[in-house]
Amino acid sequence: MRTDVLGVGFDPVVMDEAARRVLALMDERRGAYVCTPNPEIVMLCRKAPALLRAVNGADLVLPDGIGVVRASKKLGRPLPERAAGIDLFRAVLDRMEGRVYLLGGRPGVAEAAAEAIRKEYPGVTVCGCHDGYFADDGAVVREIEESAPDLVAVCLGSPKQELFMAAHRGPGVGVMLGLGGALDVLSGQKRRAPLSWRERGLEWLWRLIREPGRLGRQMCLPAFLSAVRRQRKQEWKKED
């Protein structure tokens, strides 16, 4: 049963179980997809019904944000841990042998990420790449289907990646993962926060320090926390 955080349902699984589920979905080859919302995406879902439908329609929904995990605890239905998209991707690559298609990033980023994957994961074949700057979904979808991937890393940012996966799910691929900026990290374009920061739930702060332009995006956090408090009060009233 999913954990409801402001209308978005999250699957309460740890990373190992999440990776195993992705591999199972891959084997089914029915065009499943996985979303990894953070508080910003949750707040976008509250304003955009199509995005909310796309996220809740995913076969697996994982919290890529410590704020979501903490909100679930306040609501009395704690999610076990944060599942960052890049960590999920690496956990799946560690376990799989098969074909991967990389979609997203600036021109050249997916190709650089592909080289890194080939070196680090010899059992994985990168069967195609495309940057995130395209106007014709159809041409990209045809290219993906022709490459017959087991896994598609969809790194288009939200809401584009969630809407893309929901619109184009189908038997042409194994499973699609919505992974935000994962290709930037794999390609070496961006660094992740040190492990000590991640373990303390401070990766968001580390990124904000390095990228002050993210401040506007972080301004959704107070509204997110306020909405969580309102949800908790409403649920308590219903229980009374």
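When reading the values below, keep in mind they use all heavy atoms of this one structure, side chains included, and skip hydrogens, waters and symmetry mates.
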### Task
Heavy atoms only: give me the nearest Ala18-Leu62 pair and the separation to one decimal.
CB-CD1, 3.8 Å
### With Glu235, the side chain to side chain donor-acceptor pair (under 3.5 Å) member among Gln231, Arg232, Lys233
Gln231
### Query
Does Lys190 use its side chain to pair, donor to acceptor, with the backbone of Leu183 at less than 3.5 Å?
no
### Task
Examine distances only and state if a side-chain atom of Gln161 and a backbone atom of Gly180 form a donor-acceptor pair shorter than 3.5 Å.
yes
### Message
Let's go through Phe10 and Asp4 carefully: what are the C-alpha distance in whole Å and the side-chain angles of both, what is the deciding distance for side chain to side chain contact (heavy atoms under 4.5 Å, CB included) to 0.1 Å, and is it a yes or a no?
### Response
CA-CA 6 Å; Phe10 289 87; Asp4 182 323; over 6 Å; no
### Query
Run the side chain to side chain contact (heavy atoms under 4.5 Å, CB included) check on Met165 and Cys35 step by step: do they pass?
CA-CA 9 Å; Met165 293 188 294; Cys35 292; 4.0 Å; yes
### Cluster overlap Val185 with Leu88, hydrophobic side-chain contacts below 4.5 Å
yes
### Message
Please give me the minimum heavy-atom distance between Arg21 and Val13, naming the atom from each residue.
### Response
NH2-CG1, 3.5 Å
### Message
Do the side chains of Arg30 and Asp59 get close enough for a salt bridge, i.e. N-O under 4.0 angstrom?
### Response
yes
### Task
Output all residues satisfying side-chain contact (heavy atoms from CB on, under 4.5 Å) with Arg20, sequence neighbours left out; order by chain, then residue number.
Asp16, Glu17
### Message
Any side-chain to backbone donor/acceptor pair from Thr3 onto Gly9? Under 3.5 Å, distance only.
### Response
no
### Query
Are Leu75 and Ile66 in one and the same hydrophobic cluster, where Ile, Leu, Val, Met, Phe, Trp and Tyr link if side-chain heavy atoms are under 4.5 Å apart?
no
### Message
Could you walk me through whether Glu162 and Ile41 satisfy the side chain to side chain contact (heavy atoms under 4.5 Å, CB included) test, starting with their C-alpha distance in whole Å, then the side-chain angles of each, then the deciding distance to 0.1 Å, before giving a yes or no?
### Response
CA-CA 10 Å; Glu162 291 83 11; Ile41 296 174; 3.9 Å; yes
### Query
To the nearest 0.5 Å, what is the distance between SG (Cys45) and CG (Leu52)?
5.0 Å
### Message
Using a 3.5 Å distance criterion without hydrogens, assess whether the side chain of Asn56 forms a donor-acceptor pair with backbone atoms of Val8.
### Response
no
### Query
So Val22 and Leu177, side chain to side chain contact (heavy atoms under 4.5 Å, CB included) or not? Walk me through it.
CA-CA 9 Å; Val22 170; Leu177 301 184; 4.0 Å; yes
### Message
I'd like to know whether Glu115 forms a salt bridge (Lys or Arg N to Asp or Glu O under 4.0 Å) with Arg118, so could you lay out the CA-CA distance, the side-chain angles of the two residues, the decisive distance to 0.1 Å, and finally the verdict.
### Response
CA-CA 5 Å; Glu115 284 302 310; Arg118 292 185 181 107; 2.8 Å; yes
### Query
Salt bridge or not for Arg29 and Asp150, using N-O below 4.0 Å?
yes
### Atom pair SG (Cys155) and CG (Asp131), whose distance is rounded to the nearest 0.5 Å
12.5 Å
### Query
Which atoms form the tightest heavy-atom contact between Arg95 and Leu23, and what is the distance?
CB-CD1, 3.5 Å
## Note on the structure
Between Tyr33 and Ala166 the two heavy atoms that sit nearest each other are OH-CB, 3.5 Å
### Message
Under 4.5 Å between side-chain heavy atoms, counting indirect links through other Ile/Leu/Val/Met/Phe/Trp/Tyr residues: same cluster for Val34 and Leu186 or not?
### Response
yes
## Note on the structure
Minimal heavy-atom distance between Gly65 and Asn38, with the atoms involved, is CA-CB, 4.3 Å
### Task
Could you name each residue pair satisfying ring pair (Phe, Tyr, Trp, His ring centres under 6.0 Å) that touches residues 106-159, not counting sequence neighbours?
His130-Phe134
### Query
Which pair of non-hydrogen atoms, one from Ala54 and one from Leu163, has the smallest distance, and what is that distance?
CB-CD2, 4.2 Å
Enumerate, atom names and distances included, each donor-acceptor pair closer than 3.5 Å involving a side-chain atom of residues 96-107, sequence neighbours excluded.
| from | atom 1 | to | atom 2 | distance (Å) |
| --- | --- | --- | --- | --- |
| Arg99 | NE | Ser147 | O | 3.1 |
| Arg99 | NE | Ala148 | O | 3.3 |
| Arg99 | NH2 | Ser147 | O | 2.6 |
| Tyr101 | OH | Glu143 | OE2 | 2.5 |
| Arg106 | NH2 | Gln189 | OE1 | 3.2 |

